[in-house]
Amino acid sequence: MKTLDVRGLSCPEPVLRARRAIAGLAAGEDLEVLVETATARENVLRAARSMGCAVEIEDRAGGYRLLVRPAKGNSLQ
Amino acid sequence: MRPGFFASRWGIVLAGISIGAVAALLQKLGNPANMGVCVACFQRDIAGALGLHRAAVAQYLRPEIPGFVLGSLAAALAFREFRPRGGSAPLARFLLGGFAMIGALVFLGCPWRALLRLAGGDLSALLGLAGLVFGIAIGVRFLRSGYSLGRSLPARAAVGWIFPLFMTGIVLLIAFRPAFIFSSETGPGSLHAPVLASLAAGLLIGALAQRSRFCTMGAVRDLFVARDLHLFSGVAALLVTAFLVNVIAGQFQAGFRAQPVAHSNHLWSFLGMTLAGLAFTLAGGCPGRQLFMAGEGDGDAGLFALGMISAAAFAHNFGLAGAPDKIVEGVVQVGGPAVPGQVAVLLGLVVCVALGFAMRERWEESEAALQRAGTGTGARRGTGMGAGTGMGTGTGTARMREAVDAARKGGSR
């Protein structure tokens, strides 16, 4: 699983970086995204869903952890 | 906490409808025409009331501005989203706030007012909106090429409270009206809704915007960045609602020239808002959004707002702001900025473009740092958020963040 830490970055950098990281995932690979604010959480959630991924959200101290799972057989390129 | 109703499409639309309706009603209650809400104009009026500039027609402690910040603060506290933070290129943000204000005052309005001007029939606002979109497009090019002001870090609670307390001070000045506060007797600064209506409207908008993440610049930016219509649907709802309320209230008058507190010098409307749009994009939010983030504890956003207030003072002290169109003996005299304002806009564009180039970082290097760090979050799970997996400004920042988080958890406050 890849990890992307976008905590502390201004809008829309978390989304830009998450989109790029999702597009670069190998087949079957998941992505963990660490965000700080609720705004970044929602923005990354929307971006990942629009790319056909399932997302689980977990509250963490100092932010949120998003587990992004691309749908099987779904081309993200 | 899971994303709630306001994170949904209907949530942001409801926020847009509420803001559009409240803004148009504030005009009915006494705010200047097509200026129910204008973050730039209202901060400029506050700068004048504090005596930072002496333009006699633009001095009034607008309660809407502290309302925005304190409404956002209340919502952030209620939903456990108040996060004191700061330290992401503060001086650059101050500068961006300053040039954003100069661009907005050359046009005569922030993005919110550009929408409200259009909703009131002021077609010259279209040129400002076109400039705004152009400026955002330039900013998005920089973002795509790796532009970043760097990461903010969690800060002690005091950092998050400074700007809301400053705004509380403005509310106290409004309540007690000490003699040193300036107050316009003519012009737009003299036109205002009743204080309690303005404050209540500000608090409501602040809370709604904090929950929905309403951002006029973000609405356009997200279209470019991700073809994401979410924020745009809120802005469209604001425009349509303000238009409908204006028509019902008899506040709609279509035309390009001699519109209220506006000029039809189209080139400088376009260029002024190009500067504002670029500066907002490079700083990560429109002026309203910066106030809402300041209410959530973002000290950098507070500094952006202080940059705007400072530049408003410069803008009037140095004659940079656009002059409204005038009607002299039945003939329209086109207003706009004088030469100093034109120079300031061009200087601002040069500075913003230079920052755009200077603040780029290579994502490839960031990704290499990620690879070197491996996927070590499992090993560090016990310490909260995974650290040492930093992507972006490098693992040094991630380590520093971990230290700050640990210190805060250790009860060193």
Side-chain angles (χ1 to χ4, degrees), chain A residues 1-26 28-69 76-77, chain B residues 1-3 7 76 79-81 83 85 87-88 93 140 143-144 147-154 213 215 218 221-222 225-228 230 281 283-285 289 293 296 298 300 363 366-367 370 373-378 383-387 389-393 397-398 401 404-405 408-409:
Chain A
M1 183 166 58
K2 269 191 180 173
T3 295
L4 177 67
D5 184 352
V6 292
R7 288 176 294 171
L9 291 173
S10 298
C11 275
E13 291 172 56
V15 168
L16 283 170
R17 294 185 189 215
R19 285 178 68 89
R20 184 170 158 143
I22 293 169
L25 287 176
E29 195 175 22
D30 295 341
L31 178 71
E32 173 190 59
V33 187
L34 306 176
V35 303
E36 180 172 354
T37 63
T39 307
R41 172 195 68 190
E42 288 155 21
N43 291 345
V44 172
L45 175 67
R46 267 203 317 280
R49 283 189 178 155
S50 77
M51 295 175 81
C53 301
V55 184
E56 288 171 34
I57 305 172
E58 200 179 293
D59 287 16
R60 289 287 188 92
Y64 309 88
R65 172 180 179 265
L66 280 72
L67 182 62
V68 178
R69 295 178 194 277
L76 298 168
Q77 300 305 315
Chain B
M1 190 155 312
R2 304 293 100 175
F79 289 88
R80 295 183 23 234
E81 290 181 1
R83 288 183 192 278
R85 54 192 189 269
S88 165
R93 290 178 188 274
V140 167
L143 285 164
R144 283 193 186 284
Y147 168 87
S148 176
L149 286 180
R151 290 168 194 257
S152 65
L153 282 169
R213 335 296 182 199
C215 179
R221 178 201 62 203
D222 290 355
V225 166
R227 307 215 185 320
D228 181 354
H230 180 79
T281 309
R289 178 83 190 128
M293 291 194 294
E296 293 174 358
D298 185 338
D300 294 330
W363 288 7
S366 305
E367 280 161 25
L370 175 72
T375 53
T377 49
T383 60
M385 301 281 280
T389 55
M391 179 174 180
T393 51
T397 308
R401 172 182 301 280
V404 171
D405 283 349
R408 286 172 59 84
K409 261 185 280 175

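Proteins come first, then strands; the chains are lettered A, B, ... in the order of their sequence lines, and each starts at number 1. All figures in this text were calculated on a predicted structure; none of them were measured in a lab.
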Check your understanding: Checking B:Arg289 against chain A: side chain, backbone, both or neither under 4.5 Å from a heavy atom?
Key -> side chain

Exercise for review: Measure the OG1-CG distance between A:Thr3 and A:Leu31 for me, rounded to the nearest 0.5 Å.
Suggested key: 7.5 Å

Point to revise | Contacting moiety of A:Ala47, where chain B heavy atoms sit under 4.5 Å | key: neither

Check your understanding: Any side-chain heavy atom of A:Thr37 sitting closer than 4.5 Å to one from B:Arg85?
Key -> yes

Study note, to complete from the structure: CZ (B:Arg93) and OG (B:Ser152) are apart, to the nearest 0.5 Å, by 7.5 Å

Study note, to complete from the structure: Separation between CG (A:Leu34) and CD (A:Glu58), nearest 0.5 Å, reads 10.0 Å

Point to revise | Contacting moiety of A:Ser50, where chain B heavy atoms sit under 4.5 Å | key: neither

